[in-house]
Amino acid sequence: KLLKFLFTDAYKHTTCGANKYDLVIVDLYTGGKFDPRFEQNGFLKALRDSINPYGTVIINRIFVQNISWEINGFSDKLKNCFSKVETTRVRVKFYETSYNILFVCHL
């Protein structure tokens, strides 16, 4: 099977595309700022619909304040679209008070 990489705007591609992928990795920051469109149910459902039945979505997101509450809130939104959501903290050296979280989502 051929491995194909696609680097594009996640919002535009996911909400307009009909292709299915085995793995989708989404970094939710542009210029260091989080775009609230990425929390909307429509985008999350389109993201779910963009993967094959055994596919995986990995979402990178940074949390700075109300960390536990925000992580749980975003995770709950993902659980409305995916049957399994796991979180993993990625340690970063530049901000000790921030949490870089990978959300690994499966159908």
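Start at 1 with the first residue, then count along the sequence. Only heavy atoms go into these numbers, but all of them, side chains included; no hydrogens, no water, no symmetry mates.
- With hydrogens and angles disregarded, a donor-acceptor distance shorter than 3.5 Å links the side chain of Ser83 to the backbone of Leu107.
- Separating the CD1 atom in Ile101 from the CD atom in Glu70 is a distance of 11.0 Å, to the nearest 0.5 Å.
- Residues Ile25 and Asn60 have side chains not in contact (no heavy-atom distance under 4.5 Å, counting atoms from C-beta outward).
- Taking CG of Asp27 as the reference point, atom CG of Asn100 lies at 8.0 Å (rounded to 0.5 Å).
- Listed by chain and number, the residues in a ring pair (Phe, Tyr, Trp, His ring centres under 6.0 Å) with Phe82 amount to none (sequence neighbours excluded).
- The main-chain N or O of Leu47 is found under 3.5 Å from a side-chain atom of Ser50 such that the two form a donor-acceptor pair.
- Both cation-pi conditions hold for Arg89 and Tyr99: the charged atom is under 6.0 angstrom from the six-membered ring centre and inside a 45 degree cone around its axis.
- No side-chain heavy atom of Lys79 sits under 4.5 Å from any side-chain heavy atom of Lys84.
- Heavy atoms of other residues, nucleotides or ligands lying less than 6.0 angstrom from NZ of Lys20 number more than 12.
- Of the inter-residue distances, the one linking Leu78 atom CG with His106 atom NE2 reads 12.0 Å to the nearest 0.5 angstrom.
- Separation of atoms CG (Asp22) and CD1 (Ile51) is listed at 9.0 Å; rounding is to 0.5 Å.
- For the residue pair Lys45 and Cys81, the shortest heavy atom distance occurs at CG-SG, 3.6 Å.
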Phe103 vs Val57, test: side-chain contact (heavy atoms from CB on, under 4.5 Å). Steps then yes/no.
CA-CA 8 Å; Phe103 295 86; Val57 172; over 6 Å; no
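- Judged by distance alone, the side chain of Asn52 and the main-chain N or O of Tyr54 form no donor-acceptor pair under 3.5 Å.
- Val104 places a side-chain heavy atom less than 4.5 Å from the side chain of Thr56.
- A distance of 8.0 Å separates CG in Leu44 from NZ in Lys77, rounded to the nearest 0.5 Å.
- Note: Phe63 and Phe74 have tilted aromatic rings, judged against thresholds of 30 and 60 degrees for the angle between ring planes.
- In this structure, CG on Asp35 lies 8.0 Å from CD on Gln40, to the nearest 0.5 angstrom.
- Between Leu102 and Thr87, every side-chain heavy-atom pair lies at or beyond the 4.5 Å cut-off.
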